Structure formats: structure tokens, C-alpha cells
Asker: 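Here it is, the structure, as C-alpha cells.
Chain letters run A, B, ... following the sequence lines, proteins first and then strands; every chain starts at 1. All figures in this text were calculated on a predicted structure; none of them were measured in a lab.
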Number of protein chains: 2
Amino acid sequence: MKKPTIKDVAKLAGVSFKTVSRVVNQEPNVSESVKKKVLESIKQLNYQPNHTARVMRKAPFSLAFVYDNPNSHYVIEMQNGIISECRKKGFELVIHPTDSHSDDVGNELAAMIGSNQIGGIILTPPLSENKELVTFLLSRDAKVVRILSGEQPPDKLAPVLHIDDIDAGFKITQYLLELGHRDIAFLGFHASHESSLGRVKGFKKAHEIANFPFDKNFIIDGEFTFESGMEMAKQVLAMSKRPTAIFACNDEIAAGAVFMARLNNLKVPEDISIVGFENSPFAMQTWPHLTTIDQPNFDIAATAAAMVIEMMKSNDIHAVDSKGFSLDVVIRESACRYSLESAV
Amino acid sequence: MKKPTIKDVAKLAGVSFKTVSRVVNQEPNVSESVKKKVLESIKQLNYQPNHTARVMRKAPFSLAFVYDNPNSHYVIEMQNGIISECRKKGFELVIHPTDSHSDDVGNELAAMIGSNQIGGIILTPPLSENKELVTFLLSRDAKVVRILSGEQPPDKLAPVLHIDDIDAGFKITQYLLELGHRDIAFLGFHASHESSLGRVKGFKKAHEIANFPFDKNFIIDGEFTFESGMEMAKQVLAMSKRPTAIFACNDEIAAGAVFMARLNNLKVPEDISIVGFENSPFAMQTWPHLTTIDQPNFDIAATAAAMVIEMMKSNDIHAVDSKGFSLDVVIRESACRYSLESAV
DNA sequence: GTGAAAGCGCTAACAA
DNA sequence: TTGTTAGCGCTTTCAC
């Protein structure tokens with residue numbers, strides 16, 4: 001038994017197939033009586049409009065989430081945010097992990113767009129920072145929304161969703177400073193990682209404004225992983241002048257640092273305060289729970305999805321404005337006041 | 001500038017558009033010279049076949065990964081496995097998280113299939129255990145592969161990929177028994193969770209075969225989460241007769257248990273042995289690293305994907321056989337020999 | 001080997 | 001308010 005088509009419905013309802021099309025698309029100019037009849041036939045035949053044929057005549061109804069990020073929690077949260085928006089608007093999500101170092105990314109994506117499978121693309125760092133790629137995709141008529149780190153959009157190419165890491169890094173450093181900490185280590189510096197750059201910038205800015213110097217040796221290079229967090233923490237804890245607080249560039253690093261502190265028989269936060277960044281599940285799987293920056297990935301992703309969908313629907317890149325997200329500190333138990341007595 | 005179509009290519013190459021179609025589809029009966037000419041024109045115009053139009057005439061080239069699972073690592077690994085296979089075969093992956101308790105799942109999926117967007121579906125627990133849903137999808141002409149827990153396929157409806165949790169649970173319990181443990185707690189029993197059921201079954205079987213009784217009070221109900229793991233560990237550690245080893249139903253529970261042990265000033269494994277299940281990143285983010293069961297989610301997912309794709313290509317559910325996966329113990333440092341002396 | 005014609009299921013443009 | 005005609009980009013006959 002073949003799948004019923006619009007014509008089968010039309011025949012059954014005794015109307016032209018265009019009328020059925022009108023009903024399906026909720027177009028005006030259909031009398032109530034005819035509408036009812038058509039709807040009944042649809043139900044009776046269990047008719048489902050052929051999405052593919054529809055897409056061929058109009059625009060694609062799928063968007064792609066393109067990423068190169070090993071952080072499962074991040075990816076899942078982003079995905080979920082995008083999907084929640086897709087569901088609302090009747091779009092489908094295709095996921096596309098890639099290797100940002102490969103030169104093929106552009107062609108891969110161009111193929112998806114060129115073949116009309118996908119109309120819009122959501123790009124996350126580091127891909128979103130690749131201006132050449134974006135320009136290329138735009139030239140191929142793709143609707144692109146980039147999620148990236150910055151106080152402001154980096155350009156006017158297309159709307160972006162920028163996250164103010166500088167401000168966030170500033171806030172949490174300031175919080176540590178206010179708690180009396182003067183020797184704060186920064187774990188997870190990564191020169192080619194815009195977010196990391198932004199966060200250190202905020203870290204430095206907070207020191208400058210408070211007029212406290214920061215120690216360059218306290219800025220440690222590393223990856224955004226638990227293992228790297230352990231490694232970096234080990235490094236600073238072995239220093240002759242040991243920091244009294246640690247600003248970890250993300251929660252995973254912070255979790256690794258908490259872990260290493262414990263291995264060194266240091267109590268958190270009594271002996272050393274440790275803060276994270278992201279408010280991921282890691283923040284709650286560590287003891288004490290992490291004071292961190294809340295980065296609402298789900299909302300960020302949903303917003304990005306809403307933007308692409310709007311761009312696709314209106315077929316206009318500039319139908320939508322860039323948006324900025326500013327992040328706030330979540331205070332939990334991994335950082336406390338520093339005073340000389342407690343250091344004894 | 002519009003996207004080039006097959007006709008533009010034909011015009012440029014000076015052939016009929018059908019010939020271009022033949023070249024694109026690598027059909028026989030095209031002379032080398034013509035082929036070369038066509039290929040050149042394609043490159044020159046940067047022609048991409050319109051995937052949508054193609055799908056309309058043939059079968060869909062997308063499959064859906066349908067899941068209801070809060071475990072990010074699991075989902076990501078599965079996704080990556082499926083994608084790796086999709087890439088090879090030129091298929092696209094659409095992800096579809098759902099709420100398995102909703103009655104709408106069937107309709108949602110039916111809509112995706114009926115509308116010709118998606119040809120194949122990969123189902124994971126608990127959705128894969130819903131026979132009614134599977135029957136329904138099959139009746140809608142979907143190619144379905146289920147991943148589920150079991151020694152054997154539960155039915156002949158369609159090929160499945162079954163994972164032998166009983167055997168795995170047996171092996172790791174046996175390992176603990178061989179280390180001299182006699183009081184082993186099982187954390188994470190979940191009556192409506194086939195995997196959990198399988199693992200306890202193996203747990204019991206190992207005790208029976210070794211002819212050691214197990215204590216029913218040591219089988220603790222709980223969720224597959226870190227928090228629940230902490231909670232359950234707290235419970236067993238407070239018992240008057242304390243277990244010497246813990247079999248956690250997954251690594252997240254185990255990580256929570258390790259954590260709780262430490263809070264109780266118990267050393268792992270010297271004071272208490274703890275093993276996990278899954279070999280997820282959690283197994284390495286705990287100290288000591290977890291002895292666990294290696295569940296190769298990536299491979300499992302890739303295999304499932306290969307199965308669906310084969311079913312789609314041959315348009316035959318039974319073009320493929322069910323497959324079983326048996327899992328092995330990975331020995332690390334979280335479990336050690338138990339002897340009375342060490343218990344002092 | 002190659003090409004012309006028909007048609008997939010749908011929507012857009014225009015009639016009636 | 002409804003129906004007719006054309007045609008999206010492609011593949012599938014079937015003819016040359």
C-alpha cells in the first residue's frame with residue numbers, strides 16, 4: 001500500500017488537489033464546509049504531506065549545528081537548546097561535528113547547502129571565529145549565525161550572538177578580590193581560544209581597577225579538561241609562593257583543581273579557594289560545589305536557533321539583530337574569604 | 001545568481017541533461033570523452049545535485065537517532081558513532097531526543113517518516129523496549145534498529161543490536177568475588193530499566209555459581225546519576241554490616257560512591273572496592289581510576305547505523321542480521337583484594 | 001551510447 | 001471560493 005498523496009485526499013474529498021493544499025497550508029479562502037470535508041479525508045487516509053516535495057518548492061526546513069568541541073555537556077546543552085526552538089517552528093536539526101583544522105569544512109558545509117538539504121547554520125567556536133569560512137558560506141547563500149566570545153560583534157557580515165567573557169572574567173575575579181584574595185592563579189590560558197583570552201582580559205582588568213598587581217607566573221597554559229586542570233593545579237600548588245585562590249577557565253579545569261587540592265591535603269575553600277566558569281554539571285559533582293559563572297548554553301543556543309530560523313523564513317540575513325549575552329556569578333561553596341589567620 | 005541545475009551543466013557541456021544525470025550517478029553507458037566533458041562543466045559551474053529533488057524520486061538519505069537519556073557522554077558517543085558511519089555512506093543524521101513517557105513519540109516519528117524526511121531510525125532504551133512503538137513504526141515502512149539489553153533478540157520483528165548485560169554483570173561480580181569479597185553491594189537497581197535488570201541478574205548469577213549468598217539488603221534502588229550514587233553509597237556505608245565492595249550500575253554512580261567513601265574517610269580501594277560500568281570519562285575522573293566494564297558505545301552506535309543504512313539501501317528490513325555485543329572488564333585501580341587483615 | 005518524454009508531490013500564478 | 005496549468009530538479013521509462 002502506497003503512501004497517500006495530496007491527490008488521493010482530493011479524490012476522496014471530491015475537491016481539487018489545490019484545495020487540499022490550501023487546507024494543509026492553512027491558507028485563507030477555503031469555506032468551512034470544504035475544509036471540514038478535506039480534514040476528514042486527511043485523517044481517514046492518514047495523509048502526511050511529503051516534506052521533501054515541499055522543500056523542493058520552497059526553502060529547506062533544516063538547519064545544521066556545526067561544532068568542533070570535545071565537551072559533551074556543552075554540545076548536548078547546545079543541541080537541546082537548538083532543538084527546543086526547532087520543535088516550536090517545525091524545523092529539523094542536523095548535527096555536524098567537524099575538525100576545524102581540516103580545510104574541507106567549507107566544502108562539506110557548502111555541499112550541504114548547495115544540495116538544498118540545509119538552509120541555516122549555527123557555528124560555535126573555533127569555527128565561528130573563522131571569518132573566511134563565514135564569508136564563504138554567506139556567498140553560498142547560507143543563513144549563518146555565529147556564537148562567539150566578545151563584547152561586541154566582530155563585524156557586520158551577518159548577525160552574531162556574542163558572549164561577554166571579558167565582563168564575566170572581570171566579575172568573578174572581582175569577587176575573589178573582594179574576598180581578600182591577592183594571589184590568584186588563572187588556569188587554562190589558551191592563546192588561540194577567544195573565550196580564554198576574554199576571561200584573562202577580565203581577570204587582568206579586575207586587578208588593574210582594584211589596583212592590585214597580578215603575577216604573570218600565575219597565568220597557566222592548558223586545555224579545558226579535567227586532566228589538564230589537575231596538571232595545572234599541581235603546578236601552581238608546587239610554587240614557592242602559592243596562590244590563595246584559583247580562577248579556572250572552566251568547570252572541568254576547576255574540578256580537576258579541586259581534586260588535586262585534595263590530593264595535596266588542602267581543604268577547599270579553607271586552604272584554597274577555587275572558582276570555575278560555565279556552571280556545567282561538573283560544578284555540582286565536586287565537593288564543595290563550585291562558585292562559577294553561569295553560562296546558559298541552552299538559552300544561548302535557543303536564541304541562535306531562533307535567529308537562523310527567522311533569517312531562513314524571511315530569506316534575509318539582516319532580518320535579525322546581533323545579540324549579546326552577559327554572564328553572572330553563581331556563588332556556591334568553593335570560595336571563601338581569605339585572611340591571614342586562615343593561612344596559618 | 002541562481003544555483004546551477006543539471007540543465008545548466010548539460011547546456012554548457014553540450015549534452016542532454018539525462019547524460020549529466022548518468023555521469024552524476026555513475027551509471028554505465030557513458031563514453032569516456034563525454035564523461036570528461038560533463039565533469040569539467042560540473043566543476044566549472046560548481047554544480048551540486050539538488051539533494052531534495054533526488055530524495056523525492058528515490059529514498060530518503062537521512063536517519064534519525066531517537067533517544068531519551070540524560071547521560072551526555074552516552075548520547076555524544078552514540079551520536080559520534082552513528083555519524084562516522086553516516087559520513088562514509090553519504091547519509092545525514094537527524095537527532096531526535098524525546099520523552100519516552102509521552103504518547104506522542106509514535107506520531108512524531110511517524111510524521112518524520114511519512115513526510116519522507118527520514119528513512120531509518122535508531123532507537124535506544126527505554127524506547128527500544130517499547131514493542132508497540134516498534135511495531136507501529138515498522139507498519140509505517142520505517143527501517144528500525146533497536147539497541148537494547150539482552151542475551152538474545154527479544155523478537156523477530158526486525159533486527160536488533162543486543163548487549164549482554166547479564167554476562168557483563170556476571171563477569172565483574174565474579175572478578176570481585178575472586179578478589180575475596182563476599183559482601184558486595186549493588187547500587188542502581190531500577191526495575192523498569194532493562195540494563196539494570198540484566199546487570200543484577202549477572203550479579204546474582206555470579207553469587208549462585210560461586211555458591212556464596214548475596215544479601216538482598218545490599219541491592220539498592222537508585223538513579224544512574226552522581227548524586228544518586230552518593231546517596232546510595234551513604235546508605236550502604238551506614239549499614240551495621242558494611243559491604244567490602246560496591247558494584248555500581250554505571251560509572252556515574254561509582255564516581256558518586258567513591259566521592260562518598262572519601263567523605264567518610266574511607267580509602268578506595270583499601271577500605272572499600274568500587275567498580276563501575278560503562279567505561280565513560282567518569283571512570284578516569286575519579287581517583288583511583290575505576291575498574292569497570294567497557295561498553296564501546298561508539299562502535300555499538302556505528303554498527304547500528306550500518307545496519308539501518310543497509311536496510312534503507314536494500315529496502316528490506318531483513319537484509320541484515322541481529323548482532324550481539326558482549327562486554328569485558330577493564331581492570332584499573334578502584335578494586336583490590338579483600339582479606340581480613342586489611343579490614344582491621 | 002544518448003536523448004525525449006513523463007511524472008514524483010507539491011506550490012505559485014493565474015483563471016474562472 | 002475554487003480549479004487549472006505550469007514547473008521545481010531530478011530519475012525513470014522507452015525510444016533512437
Asker: Determine whether more than 12 heavy atoms belonging to other residues, nucleotides or ligands lie under 6.0 Å from atom NZ of A:K18.
Answerer: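 Above 12, so yes.
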Asker: Quick check: does any side chain N or O of A:N116 sit under 3.5 Å from a backbone N or O of B:T52, one acting as donor and the other as acceptor?
Answerer: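 Not confirmed, A:N116 side chain does not pair with B:T52 backbone.
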Asker: With a 4.0 Å cutoff (strictly under), does any side-chain N or O of A:S16 reach OP1 or OP2 of D:dT4?
Answerer: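 Checking A:S16 against D:dT4: no side-chain N or O falls below 4.0 Å of OP1 or OP2.
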Asker: Using only atom types and a distance under 3.5 Å, with no angle test, would you say the side chain of A:R146 pairs donor to acceptor with the backbone of A:A158?
Answerer: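 Yes: the side chain of A:R146 pairs with the backbone of A:A158.
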Asker: Base, sugar-phosphate or nothing for A:V55? Non-hydrogen atoms, less than 4.0 Å.
Answerer: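 Nothing, no heavy atom under 4.0 Å.
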Asker: Strictly under 4.0 angstrom, non-hydrogen atoms only: write out the protein contact profile of nucleotides 8-16 of chain C, one letter per nucleotide from the 5' end, B, S or -.
Answerer: BBBBBB---
Asker: Would B:E40 and B:K37 count as a salt bridge (charged side-chain N to carboxylate O under 4.0 Å, His left out) here? Give the steps.
Answerer: CA-CA 5 Å; B:E40 265 163 28; B:K37 218 165 35 175; over 6 Å; no
Asker: With a cut-off of 6.0 Å (strictly less than), are more than 12 heavy atoms of other residues, nucleotides or ligands near CG of A:D99?
Answerer: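 Counting other residues, nucleotides and ligands, CG of A:D99 exceeds 12 neighbours.
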Asker: For D:dG3, take OP1 and OP2 only and decide whether either is under 4.0 Å from a side-chain N or O of A:T19.
Answerer: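 So the side chain of A:T19 is within the cut-off, an N or O lying under 4.0 Å from OP1 or OP2 of D:dG3.
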